[in-house]
Amino acid sequence: MRHRGAMVVSWTYDMGDQGPILFLLYMLPLGDIIRKHNISFYCYADDTQLYISSHPSETQQFSKLTDCISDIRDWMAQNFLMLNSNKTEILIIEPNRYKHNMSDYKLPIDGCTVVQSSTVKNLGVMFDSNLSFDSHIANVCRTAFFHLRNISKIRHMLSASDAEKLIHAFMTSRIDYCNSLLGGCHANQVNKLQLVQNAAARVLTRSKKYDHISPILASLHWLPVKYRIQFKILLITYKALNGLAPSYIKELLSEYNPSRKLRSQNSGHLIIPRISKVSKGGRSFSYLAPKLWNDLPNNVRVSDTVDQFKSKLKTFFFNKAFT
């Protein structure tokens with residue numbers, strides 16, 4: 001949102017010996033408490049996250065958050081649960097020109113003061129206050145290179161197929177995990193992940209350090225990282241348009257329907273929303289997905305099945321990357 005910031009508060013608590021389904025049923029009233037304060041939230045197992053969006057001058061939003069957490073703590077105390085203040089984190093996301101406004105904000109919880117975190121981990125992805133994902137990319141690269149060094153030590157004992165399985169299990173899976181969040185990131189950030197893929201390809205094929213990498217990737221049928229990110233975004237888009245994704249994703253997309261008859265009315269295009277060039281709107285799914293979708297050939301967009309779409313899309317990107 002323009003001129004607005006967002007705050008994310010996350011905490012965990014002990015699940016005890018209850019099963020997952022029974023635990024979720026036990027925690028249902030928690031949602032009613034949060035909704036009473038008009039605060040957005042997400043829950044995953046024992047992890048709960050609160051979200052508020054406000055202008056830096058709207059300080060009453062933060063008192064509303066404090067009141068909500070106080071009610072949650074009281075409800076947990078009555079239901080034999082404990083809010084773990086030591087695992088509670090605050091992340092404030094706001095434009096750089098407002099950074100000084102909330103730099104000293106602290107959240108009082110159960111006699112403790114929770115200070116802001118520079119990064120928070122959300123389902124394995126590290127978010128920072130600038131949404132740059134620098135910390136996440138650095139962590140992925142560090143972990144991937146650690147595993148690659150270990151694989152390279154035993155590469156001579158492995159067949160090509162077994163080595164490729166190891167690389168996909170320990171490296172490719174990390175590069176591809178939630179990579180749609182990296183859409184629109186600066187090329188320098190994506191290049192860091194590309195170096196990991198290049199190194200993995202050289203270990204697998206036993207190529208020399210200075211061999212040209214494009215023919216190696218092409219021989220392995222590996223899409224470069226840039227196109228793997230776009231592939232994931234477009235796959236989510238296709239599923240959303242065909243009723244195979246959650247409704248909240250479909251609501252971010254609008255089909256192009258001109259007010260009068262035009263040749264483009266049956267093109268299958270999506271409306272690209274206007275964005276502010278000074279914000280990070282160009283990296284949002286609602287902008288990036290339609291932009292990439294409209295650039296696809298029509299024969300790819302009208303695929304009948306997911307498997308057919310994935311096959312045509314990979315062929316399209318493969319030709320774009322290596323031809």
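When reading the values below, keep in mind they use all heavy atoms of this one structure, side chains included, and skip hydrogens, waters and symmetry mates. Just so it is clear, the model here is predicted, and its values are computed rather than measured.
K291 places no side-chain N or O within 3.5 Å of a backbone atom of I272 that could act as its donor or acceptor partner. Counting only distance, with no hydrogens or angles, the side chain of T205 and the backbone of A201 share a donor-acceptor pair below 3.5 Å. The backbone N or O of F317 lies less than 3.5 Å from no partner atom in the side chain of Q230, so there is not a single donor-acceptor pair. Side-chain atoms of S303 come within 3.5 Å of backbone atoms of V300 as a donor-acceptor pair (strictly under, hydrogens ignored). The backbone N or O of D307 sits nowhere less than 3.5 Å from a side-chain atom of S311 that would complete a donor-acceptor pair. Panel note: side chain R155, backbone A163; no donor-acceptor pair is recorded below 3.5 Å. The main-chain N or O of K320 is never found under 3.5 Å from a side-chain atom of T323 such that the two would form a donor-acceptor pair. Distance alone, capped at 3.5 Å, places no donor-acceptor pair between the S117 side chain and the V120 backbone. Side-chain atoms of Q197 come within 3.5 Å of backbone N or O of L223 as a donor-acceptor pair. Looking only at distances, no side-chain donor or acceptor of D162 sits under 3.5 Å from a matching main-chain atom of L158.
Taking the side chain as every heavy atom from C-beta outward, I93 and F127 never approach each other to under 4.5 Å. Between W75 and D32 the shortest side-chain heavy-atom distance does not fall below 4.5 Å. Contact of the Q194 side chain with the L217 side chain is registered, since non-hydrogen atoms from C-beta on lie closer than 4.5 Å. When side chains are defined from C-beta on, Y256 does not count as touching L270, because their heavy atoms never get closer than 4.5 Å. The shortest side-chain heavy-atom distance between I271 and P290 does not fall under the 4.5 Å cut-off. Residues K310 and F231 have side chains in contact (heavy-atom distance under 4.5 Å, counting atoms from C-beta outward). Put simply, the side chain of E89 does not reach to within 4.5 Å of the side chain of K121, judged on heavy atoms. With a 4.5 Å cut-off on side-chain heavy atoms, R228 and T172 count as touching.
L244 and L292 fall within the same hydrophobic cluster, where Ile, Leu, Val, Met, Phe, Trp and Tyr residues are linked whenever their side-chain heavy atoms come under 4.5 Å apart, directly or through other members. Cluster membership check: V302 does not share its hydrophobic cluster with L241, using side-chain heavy-atom separations under 4.5 Å among Ile, Leu, Val, Met, Phe, Trp and Tyr. I216 and Y210 are members of different hydrophobic clusters when ILVMFWY side chains are connected at heavy-atom separations under 4.5 Å. Both M27 and F80 are assigned to one and the same hydrophobic cluster, defined by single-linkage of ILVMFWY side chains at heavy-atom distances under 4.5 Å. Hydrophobic clustering (ILVMFWY, side-chain heavy atoms < 4.5 Å, transitive): L253 and Y248 are in one cluster.
If you take OG on S180 and CG on L288, they are separated by 10.0 Å, rounding to the nearest 0.5 Å. For the atom pair T119 OG1 and N130 CG, the distance stands at 12.0 Å (nearest 0.5 Å). Note that CZ of R283 is 11.5 Å distant from CD1 of I275, once rounded to the nearest 0.5 Å. Summarising the geometry, atom CG belonging to N79 is positioned 11.0 Å from atom CG belonging to D74; distances are rounded to the nearest 0.5 Å.
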> Given the rule in the side chain to side chain contact (heavy atoms under 4.5 Å, CB included) test, do L195 and N191 qualify, once you have shown the distances and angles that lead to the verdict?
Replying inline: CA-CA 6 Å; L195 291 175; N191 287 340; 5.6 Å; no
>> Test side chain to side chain contact (heavy atoms under 4.5 Å, CB included) on Q49 and C43; report intermediate values, then the result.
In response: CA-CA 6 Å; Q49 298 176 0; C43 296; over 6 Å; no
> What do the steps show when you test F318 against Y227 for ring pair (Phe, Tyr, Trp, His ring centres under 6.0 Å), and what is the final call?
Replying inline: CA-CA 9 Å; F318 192 86; Y227 294 108; over 10 Å; no
> So H186 and F133, side chain to side chain contact (heavy atoms under 4.5 Å, CB included) or not? Walk me through it.
Replying inline: CA-CA 10 Å; H186 196 277; F133 292 103; over 6 Å; no
> Going through the distances and angles, do W222 and I167 end up as a side chain to side chain contact (heavy atoms under 4.5 Å, CB included)?
Replying inline: CA-CA 12 Å; W222 289 5; I167 287 174; 4.0 Å; yes
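The distance between the ring centers of Y42 and Y51 falls below 6.0 angstrom. Between F146 and F170, the ring centre distance reaches or exceeds 6.0 Å.
Between F309 and L235, the shortest heavy-atom distance links the atoms CE2-CA, 3.9 Å. The minimum heavy-atom distance linking M126 with S135 is given by the pair SD-O, 4.0 Å. Scanning all heavy atoms of the two residues, the minimum distance from D295 to F316 falls at O-CZ, 4.2 Å. In terms of heavy atoms, M171 sits closest to A200 at CE-CB, 3.6 Å. Summarising the geometry of D134 relative to D128, their closest heavy-atom pair is N-OD2, 3.7 Å, with the distance given to 0.1 Å. Closest heavy-atom contact between S129 and I92: CB-O, 3.2 Å.
Tested against V190 for a side chain to side chain contact (heavy atoms under 4.5 Å, CB included), the candidates I229, L182, I137 yield a single pass: I229.
Note on D211 versus R202: no salt bridge recorded, every NZ/NE/NH1/NH2 to OD/OE distance being 4.0 Å or above.
Side-chain atoms of D67 and H37 include no donor-acceptor pair closer than 3.5 Å.
The environment of NZ in K226 is sparse: at most 12 heavy-atom neighbours from other residues, nucleotides or ligands sit within 6.0 Å. For K312, the NZ atom counts as densely surrounded, since its 6.0 Å shell holds more than 12 non-hydrogen atoms of other residues, nucleotides or ligands.
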